[in-house]
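These numbers come from a predicted model, not from an experiment.
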Amino acid sequence: MSRPEPPGGQPIEVSVLVDGEHLAAIEAVVAELERTGLRISAVMRTVGVITGTTDDTSRCSAFEALEGVESVEVARTFQLPPPDSPIQ
Amino acid sequence: MEFETAGGREYPAGTTTGRFLVLFEEGTAEAGVAALSEATGARTVTATDEATEPEPNQALFFESLGVAVVDTSPEQMQEAGLRAAGADGILAVEAERINHAIEARSYAEEGTPTGGRSAEYLRGFRDAVLHLTTADAGGLGIEAATAAAVDELQATWGLQAVRAVHSCYSGKAIRVAVLDTGCDLQHPDLQGRAIQSRSFVPGEAVQDANGHGTHCIGTSMGPKCPPGGPRYGVAHDAEIYAGKVLSNAGSGSDSQILGGINWAVQDKCVVISMSLGAGTRPGQSYSRVFEAVAARAQRAGTLIVAAAGNESNRPGEVNPVGHPANCPSIMAVAALDSALGVARFSNRGINPDGGQVDIAAPGVDVYSSYPLPTRYRRLNGTSMATPHVAGVAALFAEANPGARGAALGQLLTTRARRLTSLSSADVGAGLVQAP
């Protein structure tokens, strides 16, 4: 899928889905991602996701090629309407 | 008042037929039928043109509906019902109810041959099947529901429309996570409630300085008797899990939301309510990460419901269900107004692969709690519809300890009230209904 370009210079947040076979060995996947240049933000063991930041979206394909990684997505952002908006 | 019981549920005397109904899980009805026979001792017979009414100590299985009607002694009913409710393949057990709203219309009037079957039985069975599969809201009187919605002295129109006010369930001991802008922990209506909370927004406490989260928590789990106002909360005794994944300015990212989901699943929340989303384009697929996470959550016993999104402006402009509600394993919730029409802003199921609307709930002119000093506020949005569904899911979860994850979602849709004048692309299975 397309990966939106980040606003200039900001670190890019990514979500890494760990495949079903590597959930028990998630630490090894974390170590490989770190070695490949992902700065780890959180390891979510229950749902099998690792989040982190990188400066370069082109690294995503390198993350995705690692053993135990099912898919990598650049984090989307959410914005609620202002509180005084009638539609929420 | 006297009560009759089945499957642990109490009904006012005279409102049940004395039989009970068993709803089987899709695809595993065979196991459910076997479990039912074992629990009740009743012999299971498949319904045919000849066999249309259960004989004493018999369970009549309606294959096409996935429902059995069981005739057993009242003494056996409660115990057997309770045992059957926990068995594999069985989604729900309840007393067969007489629905007075449609009692006046006989089958003969509608041209259905009665073929010598007892009118009382046919009426009871039709009521029961309507209740379980909720075939058509038309016969239940949309006008009546609309008229009732105007009077909000006792309860909001939304709680009346989803029939939460008539439910004997409260969501007791069911954990419901609302992933949003946090919660006003000082709100007087929430005092005395056990609230678990965590912030996934760097540098911000759970305390809700936006208002959106407090409103959604109010709708899903607000109190039964708020001081000096109508009831607005569905599952008034559920355990509140307030996860702050959106900042006080209303912004957040996938990472924060995934963190909130991970926390809620780990803490065994049965339902996660997410009144948030990002718009999608026609043709756009769903997030592989969120889909896998939602499927894993379901397998761990957690159902995720999310807002379909407000990017439409009907009738001229309709937009597809947003992210992450467009994931196949996340239930997408559309918004209805008090006349049970689609809210003009509510998105439509346009994209394939999970991009459909699954269910609808009240989302226009929704009164609920708001951070002090405002205290209460009326808001509109699929954000307001979503916590109605989450609250009703908690009621179903309390009533059906065996139904979790995907099975709980299936209960919500099979028991929804069909809205035949509307497109399922807009409202999915219809208006969510409390058990």
Side-chain angles (χ1 to χ4, degrees), chain A residues 1-4 6-7 10-24 26 29-30 33 38-54 57 60-61 63-66 68-88, chain B residues 180-181 200 209-212 215-216 245-259 261-267 275-278 284-285 287-294 296-297 300 302 307 310 322-324 335 343-345 363-364 366 370 377-384:
Chain A
M1 72 185 284
S2 67
R3 298 196 166 102
Q10 289 290 317
I12 304 143
E13 275 189 54
V14 297
S15 315
V16 179
L17 178 68
V18 178
D19 69 32
E21 290 78 59
H22 289 78
L23 290 177
I26 197 166
V29 183
V30 171
L33 285 164
L38 184 71
R39 290 183 297 272
I40 306 293
S41 306
V43 181
M44 303 165 185
R45 288 174 180 79
T46 306
V47 295
V49 170
I50 299 158
T51 57
T53 57
T54 177
T57 42
C60 286
S61 43
F63 301 146
E64 210 155 42
L66 295 173
V69 172
E70 194 168 310
S71 55
V72 177
E73 289 176 6
V74 171
R76 299 159 197 77
T77 55
F78 299 82
Q79 179 62 57
L80 293 176
D84 59 359
S85 162
I87 299 171
Q88 297 282 326
Chain B
D180 210 289
T181 59
F200 298 89
N210 178 284
H212 195 269
H215 201 273
C216 292
V245 301
L246 301 175
S247 70
N248 290 326
S251 64
S253 74
D254 274 352
S255 327
Q256 292 161 11
I257 291 152
L258 289 165
I261 295 173
N262 189 67
W263 168 67
V265 175
Q266 193 182 312
D267 275 19
S275 290
L276 50 85
Q284 189 177 333
S285 192
S287 158
R288 266 52 193 169
V289 174
F290 273 74
E291 171 53 20
V293 164
R296 286 171 187 172
T302 306
N310 308 328
H323 160 80
R344 69 172 172 81
F345 49 78
V364 174
V366 176
Y370 208 72
R377 203 175 155 195
R378 289 180 181 273
L379 288 173
N380 312 293
T382 53
S383 282
M384 283 65 242

- request: Would you name the heavy atoms of S251(B) and Q79(A) that are closest together and state the gap between them?
  value: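 Shortest heavy-atom separation between S251(B) and Q79(A) comes out as CB-OE1, 3.1 Å.
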
Determine the minimum heavy-atom distance between R76(A) and S287(B), stating which atoms define it.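 Heavy atoms of R76(A) and S287(B) come nearest at NH2-CB, 3.3 Å.
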
inquiry  = Taking every non-hydrogen pair under 4.5 Å, which of N262(B), V265(B), N210(B) racks up the most with chain A?
reply    =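 Top option by heavy-atom pairs under 4.5 Å: N262(B).
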
- What option among R378(B), Q266(B), M384(B) has the most heavy-atom pairs under 4.5 Å with chain A?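 Top count of heavy-atom pairs under 4.5 Å with chain A: Q266(B).
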
query = Under the 3.5 angstrom rule, does the side chain of N380(B) hit a backbone N or O of I87(A) as a donor-acceptor pair?
reply =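 The answer is no, because no donor-acceptor pair under 3.5 Å joins these two groups.
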
ask   = Between the side chain of R288(B) and the main-chain N/O of S71(A), is any donor-acceptor distance below 3.5 Å?
value =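 No, the answer is negative, given that no donor and acceptor are paired below the 3.5 Å cut-off.
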
To the nearest 0.5 Å, what is the distance between [atom1] on [X] and [atom2] on [Y]?
X	Y	atom1	atom2	answer
S255(B)	M44(A)	OG	CE	6.5 Å
S41(A)	L258(B)	OG	CG	11.5 Å
S275(B)	Q88(A)	OG	CD	10.0 Å
L80(A)	L246(B)	CG	CG	5.0 Å

Practice task
Measure distances from T46(A) to the heavy atoms of chain B and classify the residue's part below 4.5 Å as side chain, backbone, both or neither.
Solution key: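 For T46(A), backbone and side chain are both near chain B.
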
Contacting moiety of E13(A), where chain B heavy atoms sit under 4.5 Å:
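Contact with chain B is through the side chain of E13(A) alone.
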
Which bit of [X] comes within less than 4.5 Å of chain A, counting heavy atoms only: side chain, backbone, both or neither?
X	result
A307(B)	neither
A297(B)	neither
H323(B)	both

- Query: Taking C-beta and beyond as the side chain, do Y370(B) and P83(A) meet within less than 4.5 Å on heavy atoms?
  - Reply: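 Yes, side chains in contact.
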
Please examine the side chains of F78(A) and V245(B), heavy atoms only from C-beta on, and report whether any two atoms are closer than 4.5 Å.
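Heavy-atom side-chain distance check fails, nothing below 4.5 Å.
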
task: For chain B, find which of T51(A), V49(A), L17(A), V14(A) contributes the most heavy-atom pairs closer than 4.5 angstrom.
output: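 Among the listed options, the one with the most contacts to chain B is L17(A).
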
